[in-house]
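Reviewing the structure listed below.
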Amino acid sequence: MKETEKSNSWRKDFPLLNRDNLIYLDNAATAQKPECVLKAEMDFYTKFNANPLRGFYELAMEATDSYEDARRTVQKFLNARFPEEIIFTRNTTESLNLAAYSYGLSSLSKDDEIVVTIMEHHSNLLPWQMAAAKTGATLRFLECEKDGSISRKQLKEVIGERTKIVAVTHVSNVLGTKTPVEEIVKIAHENEAVVILDAAQSVAHMPVDVQKLNVDFLAFSGHKLYGPIGIGVLYGKKELLEKMPPFLTGGEMIQSVHRESAVFAPLPHKFEAGTVNAAGAAGLAAAIRYIDSIGFDAIEKQEQKLTALAMEELKKIPGISVLGSDKPEEHCGILTFTIEGVHPHDVSAILDSDGIAVRAGHHCAQPLFEYLEIPSATRVSLAFYNTEREVHALAESLGNVRRRMGYEQ
Ligand code: 7TS
């Protein structure tokens with residue numbers, strides 16, 4: 001009872017969750033935003049709005065301070081060594097493209113290899129397909145077992161002397177599996193390759209410490225971390241970022257410009273061309289402060305409890321197969337499943353008719369679905385503000401799906 005009361009007390013922080021007839025279980029796509037995040041964005045526009053990093057009047061300097069404070073909040077959140085290791089982007093996709101266009105194109109050549117996993121979201125695959133096509137490098141895949149795990153044997157076989165970049169997801173957005181980052185980093189670094197971690201699905205669910213993980217780059221989106229849509233982050237080790245060419249060019253990323261040439265600004269501004277999303281950065285900083293106020297211990301505990309309950313309930317329903325591990329603690333709140341004889345779009349439409357929002361399809365991870373020989377699936381993704389009551393409502397609705405599609409059971 002105590003836990004339920006607690007989760008209800010978090011819910012009141014999220015205005016959208018008051019909407020009638022809504023059970024929101026698509027948190028891996030985007031999370032809902034607490035009031036403090038909305039207020040921080042509003043405060044930026046009502047109190048500090050000027051173009052940051054440009055004007056020398058008081059208001060513009062306050063706008064700049066707000067933006068740079070947000071950078072320091074992200075630095076602390078990731079435990080990066082320096083604030084200039086934090087580059088603001090639009091989202092994970094842009095962060096990974098920055099890494100591929102800037103680091104990838106300037107460091108790869110014909111005999112090199114780029115390693116990804118078969119579980120990558122398209123956002124951490126297409127940029128590397130592009131880099132491989134432009135440089136002649138080869139793309140190689142780490143394949144996973146049925147439970148989503150990647151064996152040490154695979155790591156040793158695929159990562160080798162030719163590997164220059166290992167770009168892997170931290171948590172699969174389909175299977176919920178956590179990849180063995182520490183082991184990947186160790187083997188990659190032994191081979192003098194850099195590791196780029198797609199943390200889009202991990203940062204909202206567990207502490208992520210870039211120094212402890214010793215990754216070279218890390219990307220995430222603010223909107224999956226209870227922050228605003230339109231702000232993302234690329235962390236990079238300072239010594240690597242300093243050597244990299246800019247990705248986008250234009251205003252705010254220069255020190256001086258001449259007719260035929262330009263001198264670029266120092267980090268982090270070299271990578272932040274054009275007017276920045278300062279309101280988004282303020283919102284993201286508020287989201288991080290909000291998460292800090294709850295703490296990952298409480299978040300993980302609540303999400304674990306809900307995931308275990310959901311898995312137990314799903315297993316009772318005839319015809320349902322959950323992809324990935326049998327252990328709920330290996331799912332990071334993500335349960336993707338098929339229902340025998342029912343297309344995932346129908347599953348999602350039936351759940352929607354009961355007010356339950358889930359995602360159906362290939363989840364932007366088509367190579368994984370090809371590898372698993374499954375055309376598509378339905379995904380439930382939980383957040384700490386979900387409740388046991390919502391999980392029971394999901395189970396009840398799912399229990400009726402096959403009958404509503406005309407099957408006897
Ligand atoms: N990487 C992973 C692992 C993701 O899950 C996603 C988005 C991205 C990258 C891209 O993030 P964006 O903010 O740049 O779009 N994943 C999902 C999802 O699973 N359902 O909708 C978006």
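Counting starts at 1 for both ligands and their atoms, following the listed order.
A salt bridge is absent between D292 and R289: the closest approach of a Lys/Arg side-chain nitrogen to an acidic carboxylate oxygen does not fall below 4.0 angstrom. Of the charged side-chain nitrogens involved, at least one lies within less than 4.0 Å of a carboxylate oxygen, so that E388 and K305 count as a salt-bridged pair.
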Under 3.5 Å donor-acceptor pairs involving side-chain atoms of residues 357-370, not counting sequence neighbours:
{"residue": "H362", "atom": "ND1", "partner": "C364", "partner atom": "N", "Å": "3.2"}
{"residue": "H363", "atom": "NE2", "partner": "G361", "partner atom": "O", "Å": "3.4"}
{"residue": "H363", "atom": "NE2", "partner": "A377", "partner atom": "O", "Å": "3.0"}

Please list every donor-acceptor pair under 3.5 Å in which a side-chain atom of residues 133-145 meets a protein atom from a residue at least two apart or in another chain.
{"residue": "T135", "atom": "OG1", "partner": "A131", "partner atom": "O", "Å": "2.7"}
{"residue": "T135", "atom": "OG1", "partner": "A137", "partner atom": "N", "Å": "3.3"}
{"residue": "R140", "atom": "NH1", "partner": "E113", "partner atom": "OE1", "Å": "3.4"}

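Residues Y235 and F220 are not in side-chain contact: their nearest non-hydrogen atoms beyond the backbone lie 4.5 Å or more apart.
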Could you list each N/O atom of ligand 1 together with any protein N/O atom closer than 3.5 Å, one pair per line with the distance?
{"residue": "ligand 1", "atom": "1 (N)", "partner": "D198", "partner atom": "OD1", "Å": "3.3"}
{"residue": "ligand 1", "atom": "1 (N)", "partner": "D198", "partner atom": "OD2", "Å": "2.6"}
{"residue": "ligand 1", "atom": "5 (O)", "partner": "Q201", "partner atom": "NE2", "Å": "2.7"}
{"residue": "ligand 1", "atom": "13 (O)", "partner": "S221", "partner atom": "OG", "Å": "2.6"}
{"residue": "ligand 1", "atom": "13 (O)", "partner": "H223", "partner atom": "NE2", "Å": "2.7"}
{"residue": "ligand 1", "atom": "14 (O)", "partner": "T92", "partner atom": "N", "Å": "3.4"}
{"residue": "ligand 1", "atom": "14 (O)", "partner": "T93", "partner atom": "N", "Å": "2.9"}
{"residue": "ligand 1", "atom": "14 (O)", "partner": "T93", "partner atom": "OG1", "Å": "2.5"}
{"residue": "ligand 1", "atom": "16 (N)", "partner": "H121", "partner atom": "NE2", "Å": "3.4"}
{"residue": "ligand 1", "atom": "16 (N)", "partner": "K224", "partner atom": "NZ", "Å": "2.9"}
{"residue": "ligand 1", "atom": "19 (O)", "partner": "N173", "partner atom": "ND2", "Å": "2.9"}
{"residue": "ligand 1", "atom": "19 (O)", "partner": "R379", "partner atom": "NH1", "Å": "2.6"}
{"residue": "ligand 1", "atom": "19 (O)", "partner": "R379", "partner atom": "NH2", "Å": "3.3"}
{"residue": "ligand 1", "atom": "20 (N)", "partner": "R359", "partner atom": "NH1", "Å": "2.5"}
{"residue": "ligand 1", "atom": "20 (N)", "partner": "R379", "partner atom": "NH2", "Å": "3.1"}
{"residue": "ligand 1", "atom": "21 (O)", "partner": "R359", "partner atom": "NH1", "Å": "2.8"}

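Listed by chain and residue number, nothing satisfies the ring-ring contact (aromatic ring centres under 6.0 Å, His included) test with F271 (two or more places apart in sequence, or in another chain).
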